[in-house]
Amino acid sequence: MVLLERDALASGSTSKSAGGIRAQFADELNIRIALRSLEEFEAMADEIAFRRDGYLFLVDREEDVAEFRRALGLQQSLGVPSRELTPDEARELVPQLDLDGVLAATFCPWDGYATPEAVVQWYARESGATVMQGCAATAIEAHAGKIVAVETQRGRIATETVVCCAGVWSKELGALAGVELPVEGEARSMWFTPEDGGLPERLPLTIDFGTGFYFHREGPGIAFGGRERALERVAEAAARRLPVLADLPVQSTWWGWYDVSPDWNALVGEADEPSRFLYATGFSGHGFQQAPAVGEHLAELVAGRKPSLDLSAFSAARFAAGASRPEAFVV
Ligand SMILES: Cc1cc2nc3c(=O)[nH]c(=O)nc-3n(C[C@H](O)[C@H](O)[C@H](O)COP(=O)(O)OP(=O)(O)OC[C@H]3O[C@@H](n4cnc5c(N)ncnc54)[C@H](O)[C@@H]3O)c2cc1C
């Protein structure tokens, strides 16, 4: 098994991720993926700085409240200990919040955040794969609907199976095999403060769902981001929901690509042609946390074993079949 990485391990979206891990989704499959992934994250928790501080969603739009309550019921029916909080309970978790206009809050103690690069290193070590960094896949050779080889910057590798997990670049990689993978990039930024403004040590990853503004602890300071690319726009939402943040200097920032699919749910499966072209991409902001369960699923497909989780609904063929499957809780 060979892993080709044209740059360095985790140099793509993964290293730009907020590292959030949650079971609070609206789509049953995403909850099931989270439950399986959480087991894996637990097993490596000490090595990946997994902070199980929970996720706190703040909901201030009437139209979102019913959806959050429906999703809570679904999560709980699958064994997730998520629950609705009163404003006072939410304030107990994060006393500095301004909850003006908040109609509902939900919390799950199993959720949290970890260091994405550490997870990549863990898998690189444990997988037993030959990792070739600084080595791009440049062509995929197929005959009569079957893959025969991959051309790389360091030569040709004969193989019948290719797994495309090239993030936002999967469209181009898929095109090398004539497979259409509808993934588009959406740039997202994060900012980092050197101090924490007195926020609690156990700080849930908190999301103001209406604006997309979110924050969590990062070393001695706070990491925050949102749906907007410009700091001024995110700062507006931040100043309203977490006024203390306005007093903290921004020390650093980065941006990266969300690998977005047309319905904001992952693309996972096997192409009709060429056969044995497998893919996992289009995670739309959830790719870090879904990697353990989706990676396991791909390994099962490669080995020809019955998948432990049926992810066939995430096939990229769903769009042509008119079966798109939107995930409601995207940030
Ligand atoms: C600001 C921000 C915050 C985010 N927060 C979260 C979060 O809290 N939780 C979460 O789960 N997700 C989050 N995400 C999304 C998450 O980062 C991505 O969904 C995930 O990292 C995708 O992982 P990947 O391995 O599919 O892609 P990538 O990490 O992008 O990896 C793809 C790799 O393929 C390589 N590559 C490309 N083309 C080739 C080629 N031809 N040959 C060889 N190698 C190639 C690239 O160099 C790259 O390293 C966030 C993203 C951003 C930008």
Side-chain angles (χ1 to χ4, degrees), residues 2-25 30 33-34 37-38 41 50-51 55 111-117 119-120 123-124 131-140 150-154 157 162-177 181 183-192 205-207 212-216 218 223-229 234 253-261 264-268 279-295 298 327 329-331:
V2 177
L3 170 65
L4 296 174
E5 167 52 64
R6 72 173 170 199
D7 196 327
L9 279 178
S11 59
S13 299
T14 299
S15 60
K16 305 299 187 295
S17 160
I21 296 167
R22 62 173 153 119
Q24 291 189 76
F25 280 97
N30 286 333
I33 287 174
S37 295
L38 273 164
F41 286 129
F50 185 16
R51 297 181 61 110
Y55 251 69
D111 299 346
Y113 41 106
T115 305
E117 297 91 328
V119 174
V120 174
Y123 276 111
V131 179
M132 296 174 71
Q133 299 186 69
C135 184
T138 52
I140 296 171
V150 173
E151 288 291 347
T152 82
Q153 286 174 313
R154 285 191 234 145
I157 300 174
V162 168
V163 180
C164 168
C165 45
V168 74
W169 302 279
S170 296
K171 199 177 192 168
E172 292 93 84
L173 199 70
L176 295 181
L181 293 172
V183 185
E184 299 295 335
E186 191 170 300
R188 295 294 181 100
S189 298
M190 291 189 68
W191 296 271
F192 302 85
L205 196 158
T206 304
I207 301 181
F213 162 62
Y214 67 87
F215 58 93
H216 68 62
E218 186 76 27
F224 67 98
R227 295 193 187 102
E228 308 282 348
R229 183 75 202 281
V234 177
T253 181
W254 72 45
W255 74 273
W257 295 112
Y258 259 31
D259 46 324
V260 179
S261 80
W264 292 76
N265 240 333
L267 306 172
V268 181
Y279 54 84
T281 182
F283 290 102
S284 308
H286 318 127
F288 160 62
Q289 61 194 284
Q290 297 196 318
V294 172
L298 289 170
E327 164 58 52
F329 295 174
V330 290
V331 178

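Keep in mind that this is a model prediction, so the values were computed, not measured. Each ligand, and each atom within it, is numbered from 1 in the order the structure gives.
Checked by distance only, ligand 1 and T14 come closer than 3.5 Å through their nitrogen or oxygen atoms. Residue G20 has at least one N or O atom closer than 3.5 Å to an N or O atom of ligand 1. For ligand 1, the polar-atom distance check finds no N/O of W169 at less than 3.5 Å from any of the ligand's N/O atoms. Some N or O of E5 is nearer than 3.5 Å to an N or O of ligand 1, by distance alone. Not one N or O of A280 is nearer than 3.5 Å to an N or O of ligand 1, by distance alone. Taking any N or O of G287, backbone or side chain, at least one lies under 3.5 Å from an N or O belonging to ligand 1. Here's the thing with W254: none of its N/O atoms is less than 3.5 angstrom from an N/O atom of ligand 1. Ligand 1 has a nitrogen or oxygen under 3.5 angstrom from a nitrogen or oxygen of A137. In terms of N/O distances under 3.5 Å, ligand 1 is not approached by S284.
Looking at R51 and H216, their side chains never come closer than 4.5 Å, going by heavy atoms from C-beta outward. With a 4.5 Å cut-off on side-chain heavy atoms, F50 and L38 count as touching. Contact check for R227 versus R188: side-chain heavy atoms found under the 4.5 Å cut-off.
Of the protein's non-hydrogen atoms, the one nearest atom 27 (O) of ligand 1 is G167 CA, 3.4 Å. Nearest protein heavy-atom neighbour of atom 34 (O) of ligand 1: A166 CA, 3.5 Å. Atom 45 (C) of ligand 1 has R6 CG, 3.7 Å as its closest protein atom, hydrogens excluded (heavy atom only). Among protein heavy atoms, the minimum distance from atom 28 (P) of ligand 1 is reached at S13 N, 3.6 Å. Closest to atom 6 (C) of ligand 1 among all protein heavy atoms lies S17 OG, 3.2 Å.
Residue-ligand proximity, G256 to ligand 1, at heavy-atom distances under 4.0 Å covers atoms 53 (C). In summary, the atoms of ligand 1 found under 4.0 Å from a heavy atom of Q289, numbered by their order in the structure, are 9 (N), 10 (C), 11 (O). Close approach of ligand 1 to L173 (heavy-atom distance below 4.0 Å) involves ligand atoms 41 (N). Contact atoms of ligand 1 toward K16: 1 (C), 2 (C), 3 (C), 52 (C) (distance under 4.0 Å to a heavy atom of the residue). Atoms of ligand 1 lying under 4.0 Å from any heavy atom of F288, numbered from 1 in the order shown and given with element: 10 (C), 11 (O), 12 (N), 16 (C), 20 (C). With ligand atoms numbered from 1 in the order given, ligand 1 contributes 1 (C) to contacts under 4.0 Å with heavy atoms of M190. Heavy-atom contacts of A136 reach the following atoms of ligand 1: 42 (N), 43 (C) (cutoff under 4.0 Å). Short contacts between ligand 1 and R188, defined as distances under 4.0 Å to a heavy atom of the residue, involve ligand atoms 1 (C).
Note on ligand 1: T281 sits outside its first shell, no heavy atom being nearer than 4.0 Å. Proximity of G285 to ligand 1 is established by a heavy-atom distance of less than 4.0 Å. Assignment of V168 to the shell around ligand 1 is not supported, since no heavy atom sits closer than 4.0 Å.
Checking each of L181, V163, V162 against Y279 for a side-chain contact (heavy atoms from CB on, under 4.5 Å) leaves exactly one that passes, namely L181. Among Y258, W264, F25, the one residue that satisfies the ring-ring contact (aromatic ring centres under 6.0 Å, His included) test with H286 is F25.
Of all heavy-atom pairs spanning A34 and R22, the tightest one is CB-O, 3.3 Å. The minimum heavy-atom distance linking L9 with Q133 is given by the pair N-OE1, 2.7 Å. Listed here is the closest heavy atom pair of P116 and T14: CB-O, 3.3 Å. G20 approaches L205 most closely through the heavy-atom pair CA-CD1, 3.8 Å. A23 approaches D111 most closely through the heavy-atom pair N-OD1, 2.7 Å. In terms of heavy atoms, I157 sits closest to M132 at CD1-SD, 4.5 Å.
The side-chain contact (heavy atoms from CB on, under 4.5 Å) test applied to A137 returns L4, V150, L173, not counting sequence neighbours.
In Y113, neither the side chain nor the backbone holds a heavy atom less than 4.0 Å from any atom of ligand 1. At a heavy-atom cutoff of 4.0 Å, ligand 1 is contacted by the backbone of C165 but not by its side chain.
Summarising the contacts of atom 4 (C) of ligand 1 with A266, A18, G185, the nearest heavy atom is found in A18. The nearest non-hydrogen atom to atom 19 (O) of ligand 1, considering only L205, D259, I207, comes from D259.
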Would you check, one step at a time, whether the test side chain to side chain contact (heavy atoms under 4.5 Å, CB included) holds for S11 with E5? CA-CA 9 Å; S11 59; E5 167 52 64; 3.7 Å; yes
Test side chain to side chain contact (heavy atoms under 4.5 Å, CB included) applied to I207 and F329, step by step: CA-CA 11 Å; I207 301 181; F329 295 174; over 6 Å; no
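Judged by distance alone, with hydrogens and angles left aside, the side-chain atoms of W254 form a donor-acceptor pair with the main-chain N or O of K16 at under 3.5 Å.
Salt-bridge annotation for E186 and R229: absent, with no side-chain N of the basic residue lying under 4.0 Å from a carboxylate O of the acidic one.
The aromatic rings of F288 and F41 sit tilted, their planes meeting at an angle between 30° and 60°.
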